[in-house]
Amino acid sequence: MKKNAAADVVIFGGGVAGLWLLNRLRKSGFSALLFDSGALGGGQTHKSQGIIHGGMKYALQGVLTHEANAMAEMPERWKQCLEGSGEINLSGVSTLSAQHYLWAPTQLASKLTGFLASSALASKVEPLAKENYPTIFQNLNFKGRVFALDEIVIDVPAMVRELVKANQDAIFKIEPVSQEALKLDQHGKMISAIVYMSGQSVEVTAQQFIFTAGAGNEVIINKLNHSDIAMQRRPLHMVLVKTPFDYPLYAHCLGFGARPRLTITTHHMQDGSSIWYLGGLLAEEGTKRDTHTQIESAREELRALFPWLDFSTAEFATFMIDRAEPLQKSGLKPESSYVKVIENIMIAWPTKLALAPKLADDIMWQLHQAKITPQLFDTRDLRSWPMPSLAKPIWEELFCKNVM
């Protein structure tokens, strides 16, 4: 017998964008279902460093870009959620650091100080007295300047758990979606989607179908073959360092270009080991390097920036992030979150972890414009279907394998 399910909104993609939106929809009275073929938070989300950017890293050349302005209000919105007073209650999520830092080597300190004197973001950046520097920068061999940013760093795996917790009855594991499973009418409106799992199939109908699946959005883009929507990929070659010391650090290092020379966050494995997670220019330029060469480049950078620390016994691992985003003419990063509406289909990317609340705002506004109201709900034929597992932190996933 044919099996069916229905909801006001169906979401494909269980990263931060899809999970945040699922929470918002259900709190607003809509019935919503979320489907994912992998682990929840297992795409780009669990590879995030957890920084809730406020835009400062995008204004390092003294120009307040649209990108910087789009990020400016995000830390406050996330703080409200972490305090339990925001649009979603994330009070069960740990804040790894209440401040992210920016440090400038000696030759660049005056450049940053001069920029802050005239920047509209100056109120979000605080020059620190030396006694207030993070412990790692209180070493006598450190000669630069340190600034505190109005940004926070969160525990991403804990955030995913919290977003899932109240919605387990609406999240379902499926096999990867094919173009053939997406049924469109002659105008490109989606009639239904057939989802499969372990030999079973259910045909799902909805008023709106929303794709927040990162690289997985490619299936609907190819199905639609629409001239107004395409996807680009911008890879990063990230580095993990299991350090022989425990100096928690959450900071950008100022370089000569428009992006941080190095971005470091600190995480801890279940066995208590301390992990430095390295991004920034090292990761962007590292896409041209193999694993061995990228690790040597990371060692060289760390020795140059922290000559007082001994990394000789540190263990290194690297991995690639394939950042999937809406295609830009320049091939560069989109300046903000993105949603494209085609008939009753939305294709969306937050483009940054911090922008998930803004993306949800944009989608909720589109639903309001389309005059979508709660109507459909039938999940009886999905009740026996499993929920996807939660993604392991990337350092737990990789450090038992690819270390050097």
Side-chain angles (χ1 to χ4, degrees), residues 9-26 32-53 74 77-78 81 87-88 90 93 153-168 170-177 195 209-221 231-236 238 277 279 319-326 333-334 336-340 346-364 387-397:
V9 180
V10 166
I11 303 166
F12 289 98
V16 63
L19 291 169
W20 198 283
L21 177 61
L22 180 65
N23 278 266
R24 287 285 304 276
L25 288 167
R26 299 186 87 193
L33 302 174
L34 185 148
F35 297 102
D36 200 298
S37 61
L40 295 172
Q44 291 172 228
T45 298
H46 89 308
K47 295 172 182 174
S48 164
Q49 291 181 279
I51 305 165
I52 307 303
H53 293 289
M74 290 300 107
R77 285 188 68 173
W78 280 83
C81 292
E87 62 222 57
I88 296 175
L90 296 181
V93 177
V153 186
I154 65 166
D155 183 339
V156 172
M159 177 215 42
V160 171
R161 287 196 301 271
E162 204 67 19
L163 291 174
V164 168
K165 188 165 67 174
N167 298 286
Q168 296 180 53
I171 303 174
F172 301 96
K173 175 82 171 177
I174 61 171
E175 294 169 6
V177 175
V195 294
F209 292 86
I210 302 176
F211 291 79
T212 59
N217 285 354
E218 198 161 44
V219 68
I220 184 61
I221 292 172
M231 191 177 81
Q232 68 182 26
R233 297 170 186 260
R234 291 187 308 118
L236 291 171
M238 307 295 285
Y277 187 1
F319 62 95
M320 300 293 291
I321 296 178
D322 193 13
R323 294 176 293 179
E325 303 160 341
K333 180 188 179 300
S336 188
S337 55
Y338 176 94
V339 57
K340 178 68 177 179
M346 296 190 208
I347 304 168
W349 290 272
T351 72
K352 272 290 181 186
L353 175 82
L355 287 170
K358 181 184 181 302
L359 179 63
D361 287 348
D362 295 341
I363 292 173
M364 297 297 288
M387 187 183 83
S389 61
L390 302 183
K392 289 183 180 180
I394 189 65
W395 40 92
E396 297 286 353
E397 184 179 312

Can you tell me how far [atom2] of [Y] sits from [atom1] of [X], rounded to the nearest 0.5 angstrom?
{"X": "S336", "Y": "D362", "atom1": "OG", "atom2": "CG", "value": "7.0 Å"}
{"X": "K165", "Y": "L90", "atom1": "NZ", "atom2": "CG", "value": "9.5 Å"}
{"X": "E162", "Y": "C81", "atom1": "CD", "atom2": "SG", "value": "11.0 Å"}
{"X": "W349", "Y": "L355", "atom1": "CH2", "atom2": "CG", "value": "15.0 Å"}
{"X": "M74", "Y": "I52", "atom1": "CE", "atom2": "CD1", "value": "9.5 Å"}
{"X": "I394", "Y": "M238", "atom1": "CD1", "atom2": "CE", "value": "10.0 Å"}

Considering non-hydrogen atoms only, spot the tightest contact between [X] and [Y] and give its length.
{"X": "L353", "Y": "S48", "result": "CD2-OG, 3.5 Å"}
{"X": "V156", "Y": "G50", "result": "CG2-CA, 3.5 Å"}
{"X": "D36", "Y": "G14", "result": "OD2-N, 2.5 Å"}
{"X": "R24", "Y": "A360", "result": "NH1-CB, 3.9 Å"}
{"X": "G214", "Y": "A324", "result": "C-CB, 3.7 Å"}

Fill in: Check ion pair E325-K333 (N to O, under 4.0 angstrom)
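Salt bridge: no.
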Is the shortest side-chain heavy-atom distance between [X] and [Y] below 4.5 Å?
{"X": "V9", "Y": "I363", "value": "no"}
{"X": "Q49", "Y": "V153", "value": "no"}
{"X": "H46", "Y": "E397", "value": "yes"}
{"X": "I347", "Y": "M231", "value": "no"}
{"X": "P357", "Y": "E87", "value": "yes"}

Fill in: Test applied, side chain to side chain contact (heavy atoms under 4.5 Å, CB included); reference residue, V16; option that passes from T45, T212, L359
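Only match with V16 under side chain to side chain contact (heavy atoms under 4.5 Å, CB included): T45.
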Fill in: Given L21, L40, I88, the one that forms side chain to side chain contact (heavy atoms under 4.5 Å, CB included) with L163
I88
Practice prompt. Before giving the answer on side chain to side chain contact (heavy atoms under 4.5 Å, CB included), spell out for V195 and F172 the whole-Å C-alpha distance, their side-chain angles and the decisive distance to 0.1 Å.
Written response: CA-CA 10 Å; V195 294; F172 301 96; over 6 Å; no
Practice prompt. Would you please name every residue forming a ring-ring contact (aromatic ring centres under 6.0 Å, His included) with F12, sequence neighbours left out?
Written response: F35, F211
Worksheet item: By side chain to side chain donor-acceptor pair (under 3.5 Å), which residues pair with R26, not counting sequence neighbours?
Response: N167, D169
Worksheet item: Who are the side chain to side chain donor-acceptor pair (under 3.5 Å) partners of N217, not counting sequence neighbours?
Response: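 Per chain and number, N217 pairs via side chain to side chain donor-acceptor pair (under 3.5 Å) with no residue.
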Does any N or O in the side chain of [X] come within less than 3.5 Å of the main-chain N or O of [Y], such that one atom is a donor and the other an acceptor?
{"X": "Y277", "Y": "K47", "result": "yes"}
{"X": "S37", "Y": "I174", "result": "no"}
{"X": "W78", "Y": "A354", "result": "yes"}
{"X": "R323", "Y": "R234", "result": "yes"}

Worksheet item: Can you name the salt bridge (charged side-chain N to carboxylate O under 4.0 Å, His left out) partners of D155, sequence neighbours left out?
Response: none
Worksheet item: Listed by chain and number, what are the salt bridge (charged side-chain N to carboxylate O under 4.0 Å, His left out) partners of K173, not counting sequence neighbours?
Response: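 Salt bridge (charged side-chain N to carboxylate O under 4.0 Å, His left out) check on K173 returns nothing, list empty.
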Worksheet entry | Residues forming a side-chain contact (heavy atoms from CB on, under 4.5 Å) with P393, sequence neighbours excluded |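 Once residues adjacent in sequence are excluded, the partners of P393 under the side-chain contact (heavy atoms from CB on, under 4.5 Å) criterion are P157, W395, E396.
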Fill in: Chi angles and distances behind the side chain to side chain contact (heavy atoms under 4.5 Å, CB included) call for I220, V177
CA-CA 9 Å; I220 184 61; V177 175; over 6 Å; no
